[in-house]
Amino acid sequence: MTDERLDQILKQALAPEISDKDIQIHRRRKGKVKKSGKTGNVLAAAVTAAVIGIGGLGYFNPAFAAKIPLIGKIFEKIEDDVTYSGDYSEKGTVLTNEDHAGSLDTADFTVSDQGITLTASEIYCDGYSVFLTVNIESEDADFTHIPRHYTGMNAADERTAAGFYIDGTWSVDGSTPVWLENRFEGDVIDSHTFAGMLKIDLAKKHAGSGELNLEVSGLGHDDDRMLDAEDISASHWTDGSWNIIVPFEVNESDVKIIEVGEKKGNITLEDVVVSPYQVIVHATTPGEQRELTDDRREKLLSKDPDMTDAEMFELLGWSYEPCQTICFDQDGEMLYPGMEIAGAATFAVQGKEIETLHIFIFDNFDDWIQMEQEGMNSSVADKAIIAREIHVE
């Protein structure tokens with residue numbers, strides 16, 4: 001997607017008082033960004049001009065034993081604010097242990113470099129995505145100036161979270177490393193502490209247990225004091241090495257898969273997945289049905305590690321035609337759109353009880369924008385290649 005179209009979505013979807021300058025704040029500094037064929041969390045890219053007050057739970061540090069430990073309770077702290085919000089209390093697995101004295105043992109899940117300590121706290125996997133919470137500490141930092149961005153459908157929802165950029169790769173059970181494309185999303189606890197969650201979308205459905213290998217090569221954040229600067233994105237950036245291996249178990253409770261198999265034109269709506277925190281619409285085009293093997297992908301990435309899937313398809317002379325999908329619940333409320341890649345579009349549930357889904361798949365992005373503006377009864381509804389009502393049992 002071009003920057004101009006991204007700006008168009010942001011201006012139309014968010015409060016009119018947000019300026020172009022504010023929209024630009026979550027654009028990565030040139031040279032730090034990894035090229036991506038994904039749409040990304042387009043609505044979450046805009047930021048409020050003022051930092052919203054922070055507080056609440058403290059963070060684990062032996063020097064501050066009087067504070068309530070945040071490690072192991074980050075889901076509880078941030079679950080109402082992040083884009084993929086919801087009640088994680090009975091879903092997430094706490095990674096840390098307590099010794100006989102009741103102190104937390106984080107040694108297996110803590111890495112430090114360049115004065116920054118990253119501690120993995122909790123993890124949840126629905127088989128399609130991994131949701132990992134982390135605690136980031138730096139004695140030399142001042143995180144209180146990290147701006148907050150909208151995580152709800154409308155500015156009036158007053159749902160916001162702070163963001164922390166991350167560079168590096170991830171892999172599961174020794175698979176080919178994939179560039180990290182999301183960021184940590186959460187809360188600033190104090191000037192030296194940030195607590196957040198990272199969502200990683202798996203390439204294919206996972207079952208049983210697994211190990212997530214994070215190889216982080218850079219961490220950074222914006223600064224609301226630099227709103228007048230020409231380039232403010234990731235104004236505080238640190239290159240380093242924070243590598244950590246985190247075990248997880250797939251939790252399939254409350255995960256529903258509705259098989260569809262409807263084909264119209266060049267698009268096939270394969271199935272719909274409804275989990276406690278996201279809806280995933282699997283739709284393919286003829287071009288998307290050609291899969292890159294790990295070996296071929298690795299060879300292409302050896303030539304250009306920043307190459308996206310779309311660029312690989314183009315280099316190979318293959319067709320690559322991602323769909324444009326939009327989704328509404330039984331009340332006609334649009335679900336918050338996350339990433340849409342070839343074959344899959346994700347939407348945040350955000351605490352909604354999903355009984356029925358109304359799915360519209362377009363092959364024209366302008367039609368998607370118009371429906372996003374006008375709602376489910378938009379005049380472009382009849383232009384959808386596939387329009388399907390899905391009842392969730």
Side-chain angles (χ1 to χ4, degrees), residues 34 36 38 40-41 70-75 78-79 82-84 86 88 90-97 104-113 116-136 163-186 194-219 240-253 255 273 275-278 280 294 297-298 301 305 309 338-339 341 344 346 348:
K34 296 297 181 184
S36 168
K38 299 185 178 182
N41 292 334
L70 183 62
I71 301 296
K73 298 184 179 181
I74 293 178
F75 272 138
I78 67 173
E79 63 184 13
V82 294
T83 300
Y84 289 87
Y88 286 81
E90 297 181 0
K91 299 292 190 298
T93 300
V94 177
L95 298 169
T96 52
N97 299 309
L104 293 177
D105 176 11
T106 64
D108 292 340
F109 306 107
T110 295
V111 287
S112 298
D113 193 23
I116 300 176
T117 298
L118 186 153
T119 301
S121 175
E122 303 140 293
I123 194 165
Y124 166 77
C125 178
D126 60 4
Y128 297 88
S129 300
V130 174
F131 303 78
L132 175 70
T133 65
V134 299
N135 192 65
I136 300 174
F164 214 105
Y165 296 125
I166 177 173
D167 242 355
T169 63
W170 66 270
S171 61
V172 170
D173 297 339
S175 63
T176 301
V178 179
W179 287 114
L180 286 161
E181 296 177 351
N182 288 349
R183 60 187 169 188
F184 294 118
E185 198 178 50
F194 175 90
M197 181 179 80
L198 175 68
K199 177 178 182 283
I200 293 175
D201 297 320
L202 303 176
K204 57 184 178 181
K205 187 178 185 299
H206 199 91
S209 60
E211 284 188 335
L212 172 66
N213 185 5
L214 278 183
E215 296 192 1
V216 178
S217 58
L219 293 167
S241 179
W242 299 267
N243 299 338
I244 191 167
I245 296 176
V246 185
F248 66 87
E249 294 279 345
V250 174
N251 185 341
E252 296 184 352
S253 63
V255 177
V273 177
S275 88
Y277 314 109
Q278 65 178 341
I280 308 172
D294 287 346
R297 186 189 300 274
E298 189 172 349
L301 289 175
D309 281 2
M339 289 188 174
I341 61 174
T346 63

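Minimum heavy-atom separation, Tyr124 to Pro276: OH-CD, 3.6 Å. Minimum interatomic distance between Ala195 and Leu70 (heavy atoms only, all atoms of both residues): CB-CD2, 3.4 Å. Taking all atoms of both residues into account, the shortest heavy-atom contact from Pro247 to Leu95 is O-CD2, 3.9 Å. The shortest non-hydrogen separation linking Leu198 to Arg183 is CD1-O, 3.8 Å. Between Val246 and Ala120 the shortest heavy-atom distance is CG2-CB, 4.1 Å.
Residues Val134 and Phe164 form no side-chain contact, since every pair of their non-hydrogen atoms from C-beta on lies 4.5 Å or further apart. Proximity of Leu202 to Tyr128: side-chain heavy atoms (C-beta onward) are nowhere separated by under 4.5 Å. In this structure the side chain of Tyr165 never reaches within 4.5 angstrom of the side chain of Leu180, judged on heavy atoms. A heavy-atom distance below 4.5 Å is not found between the side chains of Leu118 and Leu214. A heavy-atom distance below 4.5 Å is not found between the side chains of Cys125 and Leu212. Residues Phe109 and Ile123 are not in side-chain contact: their nearest non-hydrogen atoms beyond the backbone lie 4.5 Å or more apart.
Listed for the Asn182 side chain is a donor-acceptor partner under 3.5 Å among the backbone atoms of Lys199. The closest donor-acceptor contact from the side chain of Ser121 to the backbone of Gly72 lies under 3.5 Å. Judged by distance alone, the side chain of Asn135 and the main-chain N or O of Ile71 form no donor-acceptor pair under 3.5 Å. Remark: the backbone N or O of Asp126 is not paired with any side-chain donor or acceptor of Asn251 at under 3.5 angstrom. Side-chain atoms of Glu122 never come within 3.5 Å of backbone atoms of Gly92 as a donor-acceptor pair (strictly under, hydrogens ignored). Proximity of a side-chain donor or acceptor of Trp242 to a complementary backbone N or O of Ile116 within less than 3.5 Å is detected.
Aromatic ring orientation, Tyr277 versus Tyr88: parallel (interplanar angle below 30°, classes split at 30° and 60°).
Residue Ile78 holds its CD1 atom at 14.0 Å from OH of Tyr84, rounded to the nearest 0.5 Å.
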Legend entry - Working for side chain to side chain contact (heavy atoms under 4.5 Å, CB included), residues Val130 and Trp170: CA-CA 11 Å; Val130 174; Trp170 66 270; over 6 Å; no

Inset, instruction - Under the side chain to side chain contact (heavy atoms under 4.5 Å, CB included) rule, what do Thr117 and Thr110 come out as? Steps first, then yes or no, please. - result: CA-CA 7 Å; Thr117 298; Thr110 295; 3.4 Å; yes

Inset, instruction - Evaluate the criterion side chain to side chain contact (heavy atoms under 4.5 Å, CB included) for residue pair Leu132 and Phe248; output intermediate values, then yes/no. - result: CA-CA 10 Å; Leu132 175 70; Phe248 66 87; over 6 Å; no

Legend entry - Intermediate values then yes/no, side-chain hydrogen bond (donor to acceptor under 3.5 Å, both in side chains), Gln278 and Ser129: CA-CA 9 Å; Gln278 65 178 341; Ser129 300; 3.0 Å; yes

Inset, instruction - Run the numbers on His206 and Asp173 for side chain to side chain contact (heavy atoms under 4.5 Å, CB included), then give the verdict. - result: CA-CA 11 Å; His206 199 91; Asp173 297 339; 3.2 Å; yes

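Taking the six-membered ring for Trp, Phe75 and Phe131 have ring centres at least 6.0 Å apart.
For the 3.5 Å distance criterion, the side chains of Glu185 and Thr83 qualify, holding a donor opposite an acceptor.
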